[in-house]
Every structure is written in structure tokens, then in C-alpha cells.
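The structure's right below; bear with me while I get my questions together.
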Amino acid sequence: MDAEILQAFIEEVESYLPTIRGGILISSQEGKSHGELNVSHRQAHTIKGAAMMIGFEEIGGIAARLEAELESIIADGKPLTEEQSRKLLDQVAQIEALLAHFRFSSDDFSLDIIDFVEESFGNLQIGQEPEEEADEIEEEDFEIDEEMLEIFAAEAEDLLRKITLNLEIIEKTPSSREALLEIRRNAHTLKGSAGIVGLKKLSKLAHRVEDLLDFLAENEIEGNAEVFELLVTATDCLNALASGDASTQLSKKIERVEKKFDDIISLLQKKNGNCLRRA
């Protein structure tokens, strides 16, 4: 496998694991089964999809089991038991061990396992998620594997189709919380998959969509006409990026869209007196 694809995958998954572990630990300690676990569930889903996309079936299988068990626990609505918590954390540790193995087995990577573990646990801060590192690898310096790009294009087409369908639902039923949550879920998956194959601009914009919808969901705010129009415009940009559009015109449009996200989120924060948490 191309070294840059492997590096992008490892860095993306490493950025998710502290959040997953944090959600499990917080839920276990506080006797809750929702909130943080929902974030852990979404991150496990993204790891599963990315791993399967590039052929890491072992990691994909562990992430799939983790996702399924988190989903079952959330649906059950009961606090985590000690046994459940230990089993979930063991699965997170298994994924970490496999990532370390990939680094050690590649001539292009070196890793101090102690630093790796300490960094993973050190990123855990209650109520705070790890800082995003999506922009550290510039897109123009990343040689995207054509086969991976084809796989991603098929997945992106499906995800963007689902986002568009749910936007149509919102246009007819503006109060549809379920449609907003579905858009958030698909934007989250798109963000992770784009990051894996090196499409950083697409990943960043999908993250902005997720940020806004996270804020609406966490603060139980319904969408409005301004939010709807922004989501429609952002989806148009995501479709263009997924289709390979690298024009200056599109870049300028995305800059305007990202500023609009900043303006709307800032306004909502002032109205609600809360700070936005990034996933």
C-alpha cells in the first residue's frame, strides 16, 4: 500500500480513538449511556468504513463489533456495566495495537510505543475532543492512489445522495430533526473517508457541515431557512469537490461558504451561551 495512504489512515484513526475511549470512560464513570457514547459510536462507524475501504479488514472487523455493541448499549438505555466498559476499551486497545503494528512493519514509519500510548491517553480530556489535524498534510502534496479514489468516489456519491434526499425532506418539513441528524451522520462519514484518501478540502468542508449540525442537535435547535440554504450550497460544493473540480471559482465559493458557517455558528453560540465542540 502507498505509504501516504497508510499514514493518512493511521493519523485519521488515531485522532478518533481518544474520543471513543473518552466517551466510554465518561459514560462508565457517570453512569450514563447517551451523549458521549453517541459520539463514540459515530467515530467507530467512520473507522469501520475507512478500514474496509482500503482493505484493512481486521481493523474494520473490530470497529464493526465496537460500533454494533455501542449501538446496542445506546438503544438499551441502561448505564454501562463494568464488563461492557472493559470489553469496549479492549476493542479500542486492539485497534491501537494494530495501528502500532502497521507503523512498525513499514520502513516509512517509526514509532515509540510508549509515546504512542501516552499521547492517546493524554488527548483524553473530559468534555473536550482532540484537535483536528486534517490540514497538516496539504492536498497538493498528497499523491492520491487512483484505486482508492475510485472506491471513495462511489462511497461519496452514495453519501451525498443521502444528504440531498434529506435536504429535500427538510425543504418540505423544516422541523424534521431526523433528517438533520441523518445529514450529520453522512457528513461525518464523508469527512473521515475524504481525509483517508487525502482530499483535505472536501474533508474540511464536510466537517463544517457536521459542526453546525452537531451544535443544532446538542442544543436542540431547529434549523431555519438560512441554515437550509447554507447546507444546500455546501452540498453543491461537496459534490463539485468529489467530482474533481479544482477551479479557482470553486475555491472562492468554498471560502464564502466557510465564512458563512463561522457567522451562523458564532450567532448561535451567542444566543445559546455555549461553545461548539468539534468531533
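Numbers for residues simply follow the sequence, beginning at 1.
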For the side chain of N239 and the backbone of T235, is there at least one donor-acceptor N/O pair under 3.5 Å apart?
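Pair found, side chain donor or acceptor close to backbone of T235.
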
Test side chain to side chain contact (heavy atoms under 4.5 Å, CB included) on E210 and L213 and set out the steps.
CA-CA 5 Å; E210 184 188 12; L213 297 182; 6.0 Å; no

Tell me the closest heavy-atom pair linking G23 and S40, and the distance in Å.
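Looks like CA-OG, 3.5 Å.
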
Give me the atom names and distance for the closest heavy-atom approach of L205 to A234.
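Shortest heavy-atom separation between L205 and A234 comes out as CD2-O, 3.9 Å.
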
Could you label the plane-to-plane angle of the F56 and F9 rings as parallel, tilted or perpendicular, counting under 30° as parallel and over 60° as perpendicular?
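Perpendicular, since the angle between the ring planes exceeds 60°.
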
Salt bridge (Lys or Arg N to Asp or Glu O under 4.0 Å) involving R65 - partner list, sequence neighbours excluded:
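Once residues adjacent in sequence are excluded, R65 has no partner under the salt bridge (Lys or Arg N to Asp or Glu O under 4.0 Å) criterion.
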
Can you run down the side chain to side chain donor-acceptor pair (under 3.5 Å) pairs that involve residues 162-172, sequence neighbours left out, and say none if there aren't any?
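Counting only pairs at least two positions apart or across chains, the side chain to side chain donor-acceptor pair (under 3.5 Å) contacts touching residues 162-172 are D158-K162.
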
Cluster check L25, I74: I/L/V/M/F/W/Y, side chain < 4.5 angstrom:
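They do share one cluster, since a chain of ILVMFWY contacts under 4.5 Å joins L25 to I74.
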
Not counting sequence neighbours, which residues clear side-chain hydrogen bond (donor to acceptor under 3.5 Å, both in side chains) with E58? List them please.
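Result, side-chain hydrogen bond (donor to acceptor under 3.5 Å, both in side chains) vs E58: none returned.
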
Which atoms form the tightest heavy-atom contact between L250 and L241, and what is the distance?
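It is CD2-CD2, 3.8 Å.
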
Verdict with supporting geometry, L159 and L238, side chain to side chain contact (heavy atoms under 4.5 Å, CB included)
CA-CA 11 Å; L159 293 170; L238 289 170; over 6 Å; no

Side chain to side chain contact (heavy atoms under 4.5 Å, CB included) partners of Q84, counting only residues at least two apart:
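Residues passing side chain to side chain contact (heavy atoms under 4.5 Å, CB included) with Q84: I73, L80, T81.
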
Could you tell me the separation between the CZ atom of R42 and the CG atom of L37, rounded to the nearest 0.5 Å?
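The distance works out to 12.0 Å.
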
To the nearest 0.5 angstrom, please state how far the NZ atom of K253 sits from the CD atom of Q249.
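Here the interatomic distance stands at 8.0 Å.
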
Any chain of hydrophobic side-chain contacts (each under 4.5 Å) joining M52 to I59?
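Hydrophobic grouping puts M52 apart from I59.
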
Trace of the side chain to side chain contact (heavy atoms under 4.5 Å, CB included) decision for F261 with L230:
CA-CA 8 Å; F261 272 110; L230 178 58; 3.6 Å; yes

If the threshold is 4.0 Å, N to carboxylate O, is there a salt bridge linking R208 and E258?
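Here R208 does not pair with E258 in a salt bridge, since their nearest N and O are not under 4.0 Å apart.
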
Are E96 and E14 side-chain neighbours, meaning at least one heavy-atom pair lies under 4.5 Å?
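No, every pair of side-chain atoms sits at 4.5 Å or beyond.
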
I'd like to know if the side chain of S203 and the backbone of L199 have a donor-acceptor N/O pair within less than 3.5 Å.
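Answer holds: no.
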
Give a yes or no on whether the backbone of T173 and the side-chain of S176 come within a donor-acceptor separation of less than 3.5 Å.
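Looks like no, no N/O pair under 3.5 Å.
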
Rounded to the nearest 0.5 Å, what separation is found between the CG atom of D245 and the OG atom of S251?
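Taking CG in D245 and OG in S251, the distance rounds to 8.0 Å.
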
Donor-acceptor pairs are to be reported for all side-chain atoms of residues 180-187 against protein atoms at under 3.5 Å, with residues two or more places apart or in another chain.
{"unit_1": "E182", "atom_1": "OE2", "unit_2": "R185", "atom_2": "NH2", "d": "2.9"}
{"unit_1": "E182", "atom_1": "OE2", "unit_2": "N186", "atom_2": "ND2", "d": "3.2"}
{"unit_1": "R184", "atom_1": "NH1", "unit_2": "D214", "atom_2": "OD1", "d": "3.0"}
{"unit_1": "N186", "atom_1": "ND2", "unit_2": "E182", "atom_2": "O", "d": "2.8"}

Do side-chain atoms of T233 reach the backbone of E229 as a donor and acceptor pair under 3.5 angstrom?
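Indeed, once roles are kept as given, a pair shorter than 3.5 Å links the two residues.
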
Closest heavy-atom contact between L88 and E69?
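In this case the closest contact between L88 and E69 is CD2-OE1, 3.7 Å.
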
Please test I20 against I47 for side chain to side chain contact (heavy atoms under 4.5 Å, CB included), starting from the C-alpha separation and ending with a verdict.
CA-CA 11 Å; I20 295 175; I47 292 174; 3.8 Å; yes

Would you say the side chain of V209 lies within less than 4.5 Å of the side chain of H188, judging by non-hydrogen atoms?
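SC-SC contact between H188 and V209 ruled out.
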
Of the non-hydrogen atoms in G195 and K200, which two are nearest, and what is the gap between them?
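Closest approach of G195 to K200: O-NZ, 3.1 Å.
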
What distance separates H45 NE2 from Q43 CD, expressed to the nearest 0.5 Å?
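Nearest 0.5 Å value for the NE2-CD distance: 11.0 Å.
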
Nearest 0.5 Å, what's the CG-CD distance between L231 and E226?
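Atom-to-atom, L231:CG and E226:CD are 11.0 Å apart.
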
Does the side chain of T46 come within less than 4.5 Å of K191's, by heavy atoms?
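No, too far: nothing below the 4.5 Å cut-off.
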
Minimal non-hydrogen separation, F228 against I170, with atom names
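So the minimum-distance heavy-atom pair works out to CD1-CG2, 3.8 Å.
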
Measuring from I264:CD1 to K259:NZ, what's the distance to the nearest 0.5 Å?
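Going from CD1 on I264 over to NZ on K259, the span is 11.0 Å.
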
In the single-linkage hydrophobic clustering (I, L, V, M, F, W, Y; side-chain heavy atoms under 4.5 Å), do L212 and I169 co-cluster?
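Not linked; separate clusters.
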
Excluding sequence neighbours, so at least two apart, what forms side-chain hydrogen bond (donor to acceptor under 3.5 Å, both in side chains) with N224?
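Scan of N224 (side-chain hydrogen bond (donor to acceptor under 3.5 Å, both in side chains), adjacent residues dropped) gives none.
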
